Novice: 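Have a look at the structure that comes next, please.
Chain letters run A, B, ... following the sequence lines, proteins first and then strands; every chain starts at 1. Everything numeric here is computed off the predicted structure, so don't read it as measured data.
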Amino acid sequence: MTNLELSWALAEMGDLLELKGEEAFKVRAYHRAARALEHLEEEAAGLHVRGELERIPGVGKNLAKKIAELLETGRSTFLEQLRQEVPPGLRDMLAVPGLGAKSVRLIHQHLGITTLEELERAARERKIRRLPGMGSKTELAILRGLDMLKEHRDRVPLGIARPLGRLFCRQIAALPGVTRVEVAGSLRRGRPMVGDVDLLVGVKGPTEVKEVMARHPQVKEVLQEEANRLSLRTWAGVKVEIFLVPDDKFAPAWMYLTGSRAHLEELKRFTAGGRLSPESLGLPSNLEEVAASFSSEEELYSRLGLPYIIPEWREGRGEVLAAREGRLPAPLSPEDIKGDLHVHTCYSDGLHTIREMVEAARARGYRYLAITEHSRSLVVARGLNVEQLLAQREEIARINRELEDFVVLSGIEVDILPDGCLDLEDDILASLDIVIASIHSGFNQTEEQIMARLEAAMRHPWVDIIGHPTGRMLGRRPPYAVNLERLLELAAETGTILEINASPDRLDLDEDAARRAKEHGVILAVNTDAHDTARLDDMGYGITVARRGWLGAQDILNTRELDGVLKALKRNKRKWGQGSPPREERPRP
DNA sequence: GCCGTTTTCGGCCCGACTGTTTTCAGTCG
């Protein structure tokens with residue numbers, strides 16, 4: 001069992017314990033251990049063999065025993081017992097914004113409600129408001145929350161679907177008779193929310209893929225089974241579709257299952273009667289015939305006279321014609337990224353030290369890293385005051401003196417306060433290498449108020465980047481009242497860089513906004529906002545957003561070498577004009 | 001539940017916001 005699966009199991013235990021009404025600190029212990037496992041560099045299985053599970057931070061005797069059972073048997077009697085005791089629908093109800101465990105318990109105890117459908121009915125029938133401590137506003141908030149969930153009904157964020165897909169791929173690939181396994185569908189196209197995890201399995205000879213996956217410990221139920229298809233639902237509620245194809249039909253099947261339908265339609269229109277006739281290319285006159293006879297996607301596109309169209313573009317948004325006319329950029333790739341400009345450390349609410357973050361960044365081939373903690377008003381996140389910030393700047397300077405091939409930038413993620421002021425004084429902001437400004441409070445302000453705050457920040461001389469510009473949390477919180485067009489105009493006018501926050505909880509800006517930003521000539525930075533070393537890998541999600549927004553390396557700030565990055569920052573344009581930074585001004589000794 | 005130590009149990013993230021209630025509880029970041 002992998003760390004990720006262990007983490008999921010512990011998180012589920014934590015949720016179920018909370019719903020049972022367990023003490024908050026105990027609940028938190030499970031969630032903390034789940035987080036530790038998710039971000040563990042080493043496989044827990046290895047630790048277990050050496051009897052060192054308790055070396056995992058947040059894991060003591062008790063949790064070590066539960067983890068050991070999971071590792072040895074793939075199951076947990078404790079978890080199975082909890083699942084018996086707590087109706088599974090209650091965990092779904094926790095996902096309703098504004099509903100916590102206490103309210104879910106109250107609603108369950110008084111009204112016997114165990115599913116989201118029953119919850120909605122009760123709210124519509126005005127039964128919730130009659131419960132002690134509940135009122136009409138709570139009831140309306142629940143209905144609003146349910147609406148928001150429904151928008152993503154049965155949809156899973158990419159941040160959950162992608163790791164699950166990769167995990168299942170690895171496990172299926174190890175089974176006999178399997179020649180190849182790949183993800184397909186909207187997951188492969190990188191949509192921010194996907195309906196299910198589509199897996200395509202190439203097989204040769206007999207195989208037990210279906211049998212093994214049907215009794216996989218992650219799997220709650222088999223939804224449907226056919227000769228070449230298995231449909232499952234995991235305990236986390238994710239639908240998984242496994243398709244089996246003979247090895248030699250893999251490429252056409254992969255193409256077809258990746259879609260999207262709209263893209264395949266676009267391809268069809270292109271080959272049949274578009275400006276290019278299939279006959280003139282010596283091709284069969286319909287896509288099906290072409291599709292039946294190619295051994296790779298590259299070959300298919302090439303035979304259609306097209307450059308390869310990456311899965312992220314296959315949405316039927318004009319990509320076929322754009323490809324034909326050479327209007328698609330060379331897609332952004334992980335190798336293009338030279339550094340991360342937004343990370344946290346244990347100075348504020350991060351997990352790791354500056355040095356640990358730096359080492360992790362270097363291990364990923366980066367050339368620079370900007371340390372950007374929260375500012376003082378964000379007390380929950382242990383935001384830094386001036387003294388702490390100066391101390392951190394000192395430490396960064398020390399680290400920079402030791403580093404040969406890498407530069408740490410001293411920055412801040414300063415709060416844009418509800419009145420539009422920044423949370424730190426100008427002279428402090430001026431003395432840093434880079435300043436990100438973000439909104440973390442006053443989410444319910446009007447568009448006028450929000451835009452006034454953002455405008456003030458963007459017009460501020462020392463604000464280089466706006467962090468997570470719309471504030472959305474995928475499937476959990478709508479964006480605050482941002483006028484996107486105005487935001488882009490202001491960014492272009494003031495030379496402010498906008499962030500594509502790569503955290504899979506946010507993906508903010510989103511792909512459409514990113515594409516519009518490019519049209520406005522706005523520079524974007526893909527940042528992870530990582531709070532620990534492992535989350536530096538979230539960069540992949542941000543790259544997916546950029547690719548889906550038809551962006552290339554030239555559109556992204558942190559594909560540049562450090563000099564290029566510094567030159568693009570508003571602060572330095574003022575100081576240096578259009579030229580290069582004078583050597584003594586560069587943030588390295 | 002874990003952790004640290006004061007080695008046997010008390011502290012663990014805290015303040016803003018909202019809604020309900022009229023002094024506080026629950027949720028969230």
Side-chain angles (χ1 to χ4, degrees), chain A residues 6-7 9-37 53-68 76 78-79 82 93-109 123 128-145 148 344 346-351 373-383 413 415-419 423 438-445 467-468 471-480 501 503 505-506 508 529 531:
Chain A
L6 290 169
S7 167
L10 288 176
E12 188 180 348
M13 290 177 201
D15 280 350
L16 296 178
L17 285 169
E18 191 177 12
L19 286 164
K20 271 186 70 179
E22 266 294 352
E23 192 210 345
F25 288 113
K26 189 194 263 195
V27 171
R28 192 180 302 162
Y30 279 85
H31 286 295
R32 204 173 44 217
R35 236 190 95 174
L37 274 162
L53 280 176
E54 288 184 49
R55 284 184 51 195
I56 303 169
V59 173
K61 255 199 175 67
N62 219 306
L63 287 180
K65 250 173 81 181
K66 294 188 169 88
I67 293 169
S76 162
F78 182 66
L79 180 56
L82 282 173
M93 286 164 67
L94 275 185
V96 179
L99 268 191
K102 296 252 172 66
S103 306
V104 170
R105 269 164 55 78
L106 182 86
I107 292 169
H108 176 234
Q109 279 166 0
I128 304 287
R129 64 178 67 189
R130 293 204 291 267
L131 299 180
M134 301 267 156
S136 56
K137 290 206 175 167
T138 308
E139 199 172 68
L140 287 172
I142 288 173
L143 285 171
R144 264 204 311 277
M148 207 170 130
H344 299 265
C346 50
Y347 266 85
S348 65
D349 59 344
L351 199 63
E373 313 285 11
H374 292 292
S375 57
R376 57 192 169 196
S377 75
L378 205 63
V379 179
V380 235
R382 297 204 306 275
E413 181 185 13
D415 254 55
I416 307 172
L417 300 172
D419 63 0
D423 193 24
S438 306
I439 288 182
H440 291 113
S441 59
F443 299 146
N444 295 325
Q445 287 183 342
H468 44 75
R472 74 158 176 182
M473 299 290 271
L474 265 172
R476 279 192 291 153
R477 191 177 75 201
Y480 23 77
N501 190 294
S503 162
D505 299 326
R506 294 187 180 271
D508 177 20
D529 201 353
H531 285 62

Novice: How close or far is atom P of B/dG15 from atom CG of A/Asp349, stated in whole angstroms?
Specialist: 16 Å
Novice: Under 4.0 Å, heavy atom to any atom of DNA chain B: which of residues 29-37 of chain A qualify?
Specialist: A/Ala29, A/Tyr30, A/Arg32
Novice: Between the main-chain N or O of A/Met134 and the side-chain N or O of A/Arg129, is there a donor-acceptor pair closer than 3.5 Å?
Specialist: no
Novice: Contact between A/His440 and A/His468 at the side-chain level, heavy atoms closer than 4.5 Å - yes or no?
Specialist: yes
Novice: Quick check: do A/Ser348 and A/Glu413 have side-chain heavy atoms less than 4.5 Å from each other?
Specialist: no
Novice: Closest nucleotide of DNA chain B for A/Asn444 versus for A/Leu94: which of these residues is on the 5' side?
Specialist: A/Asn444
Novice: Just call it for A/Val59: base, sugar-phosphate, or nothing, with non-hydrogen atoms closer than 4.0 Å on any strand.
Specialist: sugar-phosphate
Novice: Tell me what A/Lys65 touches on the nucleic acid: a base, only sugar-phosphate, or nothing, going by heavy atoms under 4.0 Å.
Specialist: nothing
Novice: Summarise how protein sits on nucleotides 19-27 of chain B as a single string, 5' to 3': B when a protein heavy atom is under 4.0 Å from the base, S for sugar-phosphate-only contact, - for no contact.
Specialist: SSS----SS
Novice: Need one value for A/Glu22: base, sugar-phosphate or nothing, where a base atom within 4.0 Å counts as base even if backbone is also close, heavy atoms only.
Specialist: nothing
Novice: Please check: side-chain N/O of A/Asp415 versus main-chain N/O of A/Ser375, any donor-acceptor pairing under 3.5 Å?
Specialist: no
Novice: Please give the distance between the P atoms of B/dC13 and B/dC3 as a whole number of Å.
Specialist: 13 Å
Novice: Can you check the A/Ile142 CD1 to B/dC28 P distance for me, whole Å?
Specialist: 11 Å
Novice: Both distances below 3.5 Å, Watson-Crick or wobble geometry, any strand: find the nucleotide opposite B/dC14.
Specialist: B/dG29
Novice: Is the shortest heavy-atom distance from the side chain of A/Ile56 to the side chain of A/Leu63 under 4.5 Å?
Specialist: no
Novice: Could you tell me whether the side chain of A/Asp508 and the main chain of A/Asn501 form a donor-acceptor pair under 3.5 Å?
Specialist: no
Novice: Rounding to an integer number of angstrom, what distance separates B/dA16 and B/dT21 when you compare their P atoms?
Specialist: 24 Å
Novice: Nearest-Å distance, CD (A/Gln445) to P (B/dT18)?
Specialist: 11 Å
Novice: To the nearest Å, give me how far apart CG (A/Leu63) and P (B/dC2) are.
Specialist: 4 Å
Novice: What is the distance from CZ of A/Phe25 to P of B/dG11, rounded to the nearest Å?
Specialist: 10 Å
Novice: In the structure I gave you, are the side-chain heavy atoms of A/Arg506 and A/Met473 within less than 4.5 Å of one another anywhere?
Specialist: yes
Novice: Where the side chain of A/Glu139 meets the backbone of A/Ile128, is there a donor-acceptor pair that is under 3.5 Å apart?
Specialist: yes
Novice: Between A/Lys61 and B/dG1, is there a side-chain N or O to OP1/OP2 distance below 4.0 Å?
Specialist: no
Novice: Is the shortest side-chain heavy-atom distance between A/Tyr30 and A/Leu16 below 4.5 Å?
Specialist: no
Novice: Rounded to the nearest angstrom, tell me the gap between atom CZ in A/Arg28 and atom P in B/dG11.
Specialist: 15 Å
Novice: Can you tell me how far P in B/dG10 sits from the matching atom in B/dC17, rounded to whole Å?
Specialist: 35 Å
Novice: Can a donor-acceptor pair be found, under 3.5 Å and without considering hydrogens, that links the side chain of A/Gln445 to the backbone of A/Pro418?
Specialist: yes
Novice: Could you tell me how far apart A/Leu79 (CG) and B/dG1 (P) are, to the nearest whole angstrom?
Specialist: 13 Å
Novice: In whole Å, measure the gap between the C1' atoms of B/dC12 and B/dT5 for me.
Specialist: 15 Å
Novice: I need the CG-C1' distance between A/Leu140 and B/dT18, as an integer number of Å.
Specialist: 14 Å
Novice: Which whole number of Å gives the distance between the P atom of B/dT20 and that of B/dT27?
Specialist: 13 Å
